Amino acid sequence: PRKEIPYVPSPRTAQTSKSSSQRQTWMDYQKKLRKDMSNVRHVNMLFLGDSITESFVGTSYGNPCTTNDRRCRNIPQVFQAAMKAHELSSHVSAISGDQTQHLLWRLTKGGELPPSLRPDVVVVLIGTNNIPYFPVEDIAKGIRRVTDFLRKALPSSTVLVNEILPRGDNMVVKANKTESIQKVNNIIRGIFTNSTGRTGQYANSSAASRSSLQYLQCGSLFAPSASQLQQDPSQLVDVNLMPDLLHPNADGMQKWLSDCILPAALKVLPTRS
């Protein structure tokens, strides 16, 4: 069978599924996301991504997180409160474990971006699940392909592309891949750096297209505190915000939304009376 590549659209295959049942669960949930998206017209904020983003709706592969799964605990409440506080409509379309090629497939072939959809802002976080398995250049190319497609498909929307958040779980530590996240982020940041040296916008593109696509550097929010580093110099993330060293908890999500995503989104959202 054809191998998956980070910058070529692909559904989940045996290469990126733990079992045939997980692959079928992915396909079933993706069909549901496509159906749900077909009913969405205008929305203030559309969130696309993997398990971190799916936590906003309290599910994993579309199934409610169990009481033993702390990944989702209280996160839907945090998300809903943040949207309500700013009177924002929102929609979440994300699948746990997804990599760049899967999001590309969902958008280009899976029907999750119908022509009728017109979000004001699209928030994208993707790429962390590629880290243990692919070269950094290919991962960065995958993220670039996602952003290029969104920019062309949604010319009136602002796309907020997040850098890959830091992680310190065994999957990347044992594979000696902890530096790969920063390497991917450096490549993407370079793409979004214009000739004046400012980050946050595409280089070598018109002012109009640059303003519709912005790069968010939120990773520093999850850096370990000085006291944590004093106790363990090898610590890679703030364990109070990422207890499993990969997924932000409710406090982490609150910080990500309030300190990074919403300030950027509110600057470009249409003003409301």
Side-chain angles (χ1 to χ4, degrees), residues 1-38 46-57 59-66 69 71-72 92-114 117 122 124-150 152-153 161-162 164-165 167 169-178 180-181 183-185 187-188 244 246-247:
R2 182 179 178 180
K3 287 187 177 181
E4 294 183 29
I5 303 171
Y7 51 86
V8 177
S10 173
R12 287 283 187 90
T13 68
Q15 180 183 344
T16 52
S17 301
K18 294 179 180 178
S19 64
S20 58
S21 74
Q22 186 189 67
R23 190 160 66 252
Q24 186 59 51
T25 299
W26 185 91
M27 294 299 293
D28 292 343
Y29 187 44
Q30 198 281 318
K31 289 178 182 177
K32 180 182 184 300
L33 292 179
R34 179 179 63 198
K35 182 179 179 181
D36 291 346
M37 194 70 88
S38 68
L46 171 64
F47 292 82
L48 302 172
D50 50 37
S51 59
I52 294 176
T53 302
E54 193 184 351
S55 294
F56 282 143
V57 292
T59 64
S60 178
Y61 289 92
N63 298 310
C65 291
T66 65
D69 187 352
R71 176 172 67 78
C72 301
V92 175
S93 200
I95 306 181
S96 296
D98 263 10
Q99 301 180 15
T100 53
Q101 66 271 23
H102 307 136
L103 180 56
L104 264 176
W105 187 90
R106 287 164 45 202
L107 296 174
T108 60
K109 302 178 185 299
E112 287 184 46
L113 210 65
L117 180 65
V122 183
V124 181
L125 176 65
I126 198 70
T128 195
N129 292 311
N130 295 82
I131 291 293
Y133 309 109
F134 294 103
V136 295
E137 294 81 4
D138 288 354
I139 301 171
K141 192 173 180 180
I143 296 171
R144 175 70 184 265
R145 286 279 170 88
V146 169
T147 59
D148 281 347
F149 177 78
L150 288 170
K152 292 174 182 176
V161 185
N162 283 269
I164 299 176
L165 301 181
R167 55 188 286 189
D169 58 301
N170 283 336
M171 185 170 285
V172 295
V173 172
K174 289 184 177 180
N176 199 28
K177 292 276 189 174
T178 55
S180 295
I181 294 174
K183 289 178 180 178
V184 171
N185 289 339
I187 295 172
I188 298 298
D244 69 353
L246 173 59
H247 300 94

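Here the structure is a predicted model, which is why all the values come from computation and not from measurement.
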Minimum heavy-atom distance between [X] and [Y], given as atom pair plus value:
X      : Y      : result
Arg34  : Gly110 : CD-O, 3.0 Å
Asp244 : Asp169 : O-CB, 4.0 Å
Gly111 : Pro114 : O-CD, 3.9 Å
Arg71  : Ser96  : NH2-OG, 3.6 Å
Ile126 : Ile143 : O-CD1, 3.8 Å

Would you mind reporting whether [Y] and [X] have side-chain heavy atoms less than 4.5 Å apart?
X      : Y      : answer
Ile139 : Ile131 : yes
Gln30  : Glu112 : yes
Ser20  : Arg23  : yes
Ile52  : His247 : yes
Val8   : Leu104 : no
Thr100 : Tyr7   : no
Glu4   : Thr13  : yes
Leu150 : Leu48  : yes

Quick one: does [X]'s side chain have a donor or acceptor within less than 3.5 Å of a partner on [Y]'s backbone?
X      : Y      : value
Asn130 : Pro6   : no
Gln99  : Asn129 : yes
Glu54  : Gly62  : yes

Output the distance between atom [atom1] ([X]) and atom [atom2] ([Y]), rounded to the nearest 0.5 Å.
X     : Y      : atom1 : atom2 : value
Ile5  : Phe134 : CD1   : CZ    : 8.0 Å
Asn63 : Tyr29  : CG    : OH    : 9.0 Å
Met37 : Leu113 : CE    : CG    : 6.5 Å
Ser93 : Phe56  : OG    : CZ    : 13.5 Å

Item to complete: Report the residue from Arg144, Lys152, Arg145 that forms a salt bridge (Lys or Arg N to Asp or Glu O under 4.0 Å) with Asp148.
Response: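 The passing option is Arg144.
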Practice prompt. Identify whether the distance between the nearest side-chain nitrogen and carboxylate oxygen of Asp36 and Lys32 falls below 4.0 Å.
Written response: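 Yes.
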Worksheet entry | Option from Asn162, Leu107, Thr53, Leu103 for which side-chain contact (heavy atoms from CB on, under 4.5 Å) with Val124 holds |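 The option that passes is Leu103.
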Practice prompt. Please test Ile188 against Thr147 for side chain to side chain contact (heavy atoms under 4.5 Å, CB included), starting from the C-alpha separation and ending with a verdict.
Written response: CA-CA 11 Å; Ile188 298 298; Thr147 59; over 6 Å; no
Worksheet entry | salt bridge (charged side-chain N to carboxylate O under 4.0 Å, His left out) partners of Asp98, counting only residues at least two apart |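 With sequence neighbours excluded, Asp98 shows a salt bridge (charged side-chain N to carboxylate O under 4.0 Å, His left out) to Arg12, Arg106, given in chain and number order.
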Worksheet item: Can you check side chain to side chain donor-acceptor pair (under 3.5 Å) on His102 and Thr16, steps first, answer last?
Response: CA-CA 10 Å; His102 307 136; Thr16 52; 3.2 Å; yes
Practice prompt. Evaluate the side chain to side chain donor-acceptor pair (under 3.5 Å) criterion for residues Thr128 and Arg167: first the C-alpha distance (whole Å), next the side-chain angles of each, then the deciding distance (0.1 Å), finally the verdict.
Written response: CA-CA 9 Å; Thr128 195; Arg167 55 188 286 189; 3.0 Å; yes
Practice prompt. Could you check whether the rings of Trp26 and Trp105 sit parallel, tilted or perpendicular, using 30° and 60° as the cut-offs?
Written response: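 Correct class here is tilted.
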